[in-house]
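Step one of this worksheet: look at the structure below.
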There are 2 protein chains.
Amino acid sequence: MAQSSNVTPLFNDLAKVEHDHNIACQDCALYRLCLPLGLHRNDLAELDEIIQRSQSFPRGHALFNTDTSFHSIFVVRSGSFKTTVQAVDGREHVTGFYFPGEFIGMDAIYAKAYKSTAKSLESSTVCELPFEKLQEFSATMPQLQIQLMSRLSRELSGDKSLMFLLGKKTAEEKLATFLLSISKRFQDRGFSAADFQLTMSRGDIANHLGLAVETISRLFTRFQDDGLIYTKNKAISLRDAERLKQLCG
Amino acid sequence: MAQSSNVTPLFNDLAKVEHDHNIACQDCALYRLCLPLGLHRNDLAELDEIIQRSQSFPRGHALFNTDTSFHSIFVVRSGSFKTTVQAVDGREHVTGFYFPGEFIGMDAIYAKAYKSTAKSLESSTVCELPFEKLQEFSATMPQLQIQLMSRLSRELSGDKSLMFLLGKKTAEEKLATFLLSISKRFQDRGFSAADFQLTMSRGDIANHLGLAVETISRLFTRFQDDGLIYTKNKAISLRDAERLKQLCG
DNA sequence: CGGTGACTTGAACCTTTTCAACAGGCGTGG
DNA sequence: CCACGCCTGTTGAAAAGGTTCAAGTCACCG
């Protein structure tokens, strides 16, 4: 288990990502979740050329921050990341968590500057997509363009849900929603929906959900006492996803 | 003052929008804020053809809801809108307010279905952009494509800030931030940054900021007592924008 | 094995919500 | 044009959900 901590991948292919830094898009286990989906074979080969596959970053590595000049958007290849925005007074908000196949840095496109910071939560790798070239390619690959817009739109839609969560949900509903969201994303990636590692700290979860760490801690305890989940440090098992769903509000 | 309630436009041109439903993009006062910015003259003329300019909607008109089938994204031409997302239990969150030149419905692109509802806050008009055609055009107009991505990206970035606001700011900071944001947007549109009409209700503001109506009401009173603002029903004057800015956190 | 940071637990506190009552605008219809 | 009624907004008092503070435990890493 080199870079991704999440137990045994159900798709054998997914293991490949961990070991080969230079695997091509068409052979990548993430293909069906990733940008190239729907591209013609030739186009894909071309796109493949411009993608820069990173070496493994250690936990806590900053992919970019607000001082980094904007040239690329990133796709998580293995591991996981968090993004944060900061206020002048130092307060920080965790705006999202990102897993393999998910895009980071799209909110930087319009200003051509990163407005946020991205940090790895564990040993991780990314595919770097130089934005200029991506845009050039889009001009001749309508499918690529559609994919990019689609990605942006999906994140937008997710953020609206997150706004609802932050603005309207109770602590209990927030955590239940969060756990199921993570579960779903692991499942989509061929991992168990019930048992997984929370790669982020309790502090990160609390921050992301607009709660205090203590509240998260208490909720974990209560959920466990109620037989909804079982936690042991970073590991978590969803014991009653159905009841958890009902708690989402 | 037919459709837009916001006092006297500083740009004379802006008044035109109010009266001529079929004004072309290149003659539109919103041009510099809108999608066509940067398009070549010929391309613009082509784009112009596919844009459907709406008649005036009354206050409370639903531009779309989750049952509407997705065909178009919209640009506000005059007036203002709010978008909301709903939970199964009926709870609703106001995810944003939209003013002339701003885009509505971009979060629907990826699923080809509206996940939210858009309602006019006053008598308003929109430009409807059929999405299929927009995508066709984008294939041959790189500038259009860039504009669309840019718009999506900007909204994304704004939503991250909103998440920070909802998750980390106090009631006071939330309202101060909100007022300055609205002020800025009016200013960008050639209206006074200091004096304007809040076209949305206190309830909408409260909901959007994740607060109770009573809290908003109390804050308005307090801000007024402190000489920061002056309110009379929907009308508001920012008396001390500097101090307001310091309250934003 | 020891130290440091992450997590947990308890208790007091506080900001915001909820409940309740009232005032004020606005639109409708007489 | 005024009166009525309803919805929106305001204000006060009580309640609560979550935070903060404080202390202690636990896991991980050098």
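Numbers restart at 1 for each chain; the letters A, B, ... are given by sequence-line order, proteins then strands. Since this is a predicted model, take the numbers as computed values, not measurements.
Per the geometry, CG belonging to L219(B) stands 16 Å off C1' belonging to dG12(D), to the nearest Å. Here dT8(D) presents its P atom at 17 Å from CD of Q197(B), a figure rounded to the nearest Å. Look at CD1 on I236(B): it is 13 Å from P on dG9(D), rounded to the nearest Å. In this structure, CG of L198(B) is placed 14 Å from C1' of dT8(D), rounded to the nearest angstrom. Atom CD of Q224(B) and atom C1' of dT10(D) are 12 Å apart (whole Å). Atom CD1 in I205(B) sits roughly 13 Å away from atom P in dT8(D) (whole-Å rounding). Atom C1' of nucleotide dG25(C) and atom NZ of K232(B) are separated by 10 Å, given to the nearest angstrom. In this structure, L175(B) places its CG atom 15 Å from C1' of dT10(D), rounding to the nearest Å.
Annotation: K234(B), atom NZ; neighbour count of heavy atoms from other residues, nucleotides and ligands within 6.0 Å is above 12. By the neighbour-count criterion of 12 heavy atoms within 6.0 Å, atom CZ of R59(A) is sparsely surrounded, having that number or fewer from other residues, nucleotides or ligands.
Residues D107(A) and K160(B) are not paired through a salt bridge, judged by the lack of any N-O separation under 4.0 Å between the basic side chain and the carboxylate. A salt bridge links E173(B) and R91(A); the closest N-O separation between the charged side-chain nitrogens and carboxylate oxygens is under 4.0 Å.
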Report summary line: In 5'-to-3' order, the base (B), backbone-only (S) or no-contact (-) status of each nucleotide in nucleotides 3-16 of chain C, using a 4.0 angstrom heavy-atom cut-off, is ----SBBBB----S
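The structure places OG of S181(A) at 10.0 Å from CZ of F186(A), a figure rounded to the nearest 0.5 Å.
Applying the side-chain hydrogen bond (donor to acceptor under 3.5 Å, both in side chains) test to S237(B) and every residue at least two apart in sequence or in another chain returns D195(B).
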